[in-house]
Amino acid sequence: LLKSFLSSQEKIMSQNSECQLYKYNSSFFLLKKDKASYFAQNFLLNELDDDHVAWLNFHSLADMPSIETLCLNLQIDKIGIENIFSESRRPKVEENNGYIFFNVISALPSQNSKDLLHKDQLTFFIAKNYLISLQSMDGNHFEDVRNRIEKDRGKIRSKKSDFLLFRSLEAIVDNYFEVLDNISEAMEGIHEKLHKSIDKSLLLKIELERRKLIELKKIASPMLDISIQLLGSESTLIDKSNHVYFNSLHHSCSHVVTEIESQKQILDGMANFYYAAQGQRMNEIMKVLTIVSSIFIPLTFIAGVYGMNFKYMPELAYKNGYYIVIGIMFLIGASLFAFFVSKGWLKKRDYTKQE
């Protein structure tokens, strides 16, 4: 009963704090957590002013009516509202009267083996004195941004909402790098095992990491396009003094895409190495079988000759004919074996190790 009571209380608390509001300027900050319905009614009237930057972050899109009410109060058009709840097909920064909005996809390493990456679509609305970010699920994407606001690190408290947008997008790009680091660690483990044994499961692991990179590229490429559009925007909401930061964001996105291609090439090389090692192992097996056949072919010929049922065969009358033929067969087999050994054809080689 106690556990069920505590779990119900946790659910109530999570529902009551599905939104976070940060209000700050150079001298102070305020954090408020409440339901979406509260901010739908009070954000415009009681939380916005020209002396502070307001950052409202939604951890859930479950309360659709409250989100729609908030957007209508902020004079956001229906296209922008639909943009929140629909999957974005192509990256595009939409500029309207007094605000800019767009969608991006976040990515984190998945803890579930069935999913390649932990993904979430985020929608941003930026205006002169506020930034609204909406997540479809509770994901910790902006921990560094919150720490910067709360501990007054860097320039964030002295800047406007466009710099806050830069820091938020930078945090998402940092998550991309976290995914790349996770894939890189997995690749190192595969590389070590690949040079010790040729296990069938290694090829499946290589393909899994390769699929992660393909999915990450589908996520990171739109972010690269978004960074280009924000960098080239002539909107007054993006201050020209902050273009250097959005240029840095663009370079980070370009680096992510480049690193994805680089890691894909490494994985392709691992797969080629796997197939080459498998081919070499098959060649070794075929070589051994060929050598064994080469030794036994002349012996089989001799046994076949003296196994013929002719009535008159001179050698059949020899008293020690059997031992002579067996000796000759032994000498032929031993001579061929020694010849193959001298050529190094029976030496076992490990093609998974570099010489």
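No hydrogens, no waters, no symmetry mates; every other heavy atom, side chains included, goes into these values. Index from 1, following the sequence.
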Result of checking Phe43, Tyr130, Phe142 against Trp55 for ring pair (Phe, Tyr, Trp, His ring centres under 6.0 Å):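 In the set Phe43, Tyr130, Phe142, the residue that makes a ring pair (Phe, Tyr, Trp, His ring centres under 6.0 Å) with Trp55 is Phe142.
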Only residue of Tyr22, Phe28, Phe29, Tyr24 satisfying ring pair (Phe, Tyr, Trp, His ring centres under 6.0 Å) with His52 is Phe28
Assert yes or no for the condition that the ring centre distance of Phe163 to Phe166 is strictly below 6.0 Å.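 Centroid distance Phe163-Phe166: below 6.0 Å, so yes.
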Spacing of Ile126 atom CD1 and Leu230 atom CG [to the nearest 0.5 Å]: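 Reported value, rounded in 0.5 Å steps: 8.0 Å.
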Measuring from Ile266:CD1 to Glu209:CD, what's the distance to the nearest 0.5 Å?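 So the CD1 of Ile266 and the CD of Glu209 are separated by 12.5 Å.
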Are [X] and [Y] close enough that some pair of their side-chain heavy atoms sits under 4.5 Å apart?
X      : Y      : result
Gln263 : Ser184 : yes
Leu237 : Glu95  : no
Asn83  : Glu94  : no

Hey, mind stepping through Ile81 and Leu72 against side chain to side chain contact (heavy atoms under 4.5 Å, CB included) and telling me if it holds? CA-CA 9 Å; Ile81 297 173; Leu72 292 174; 3.9 Å; yes
Donor + acceptor pair across side chains of [X], [Y] (<3.5 Å):
X      : Y      : value
Asn42  : Glu47  : no
Ser106 : Asp120 : no
Asn25  : Asp51  : no
Lys159 : Tyr245 : no
Tyr99  : Asn96  : yes

Would you say Phe85 has more than 12 foreign heavy atoms packed within less than 6.0 Å of its CZ?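 Buried by this count: over 12 neighbours within 6.0 Å.
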For the CZ atom on Phe337, are there more than 12 heavy atoms of other groups (residues, nucleotides or ligands in this structure) within a distance under 6.0 Å? no
Closest non-hydrogen atom pair between [X] and [Y], with its separation:
X      : Y      : value
Ser66  : Ser37  : OG-CA, 3.3 Å
Glu150 : Arg157 : O-NH1, 4.0 Å
Arg148 : Ile156 : O-CG2, 3.7 Å

With side-chain contact (heavy atoms from CB on, under 4.5 Å) as the test, pick out the partner of Ile295 among Leu336, Thr300, Ile332, Thr290. Leu336
With side chain to side chain contact (heavy atoms under 4.5 Å, CB included) as the test, would you mind laying out the steps for Lys23 and Asp49 before giving the verdict? CA-CA 10 Å; Lys23 291 177 62 177; Asp49 56 65; 3.8 Å; yes
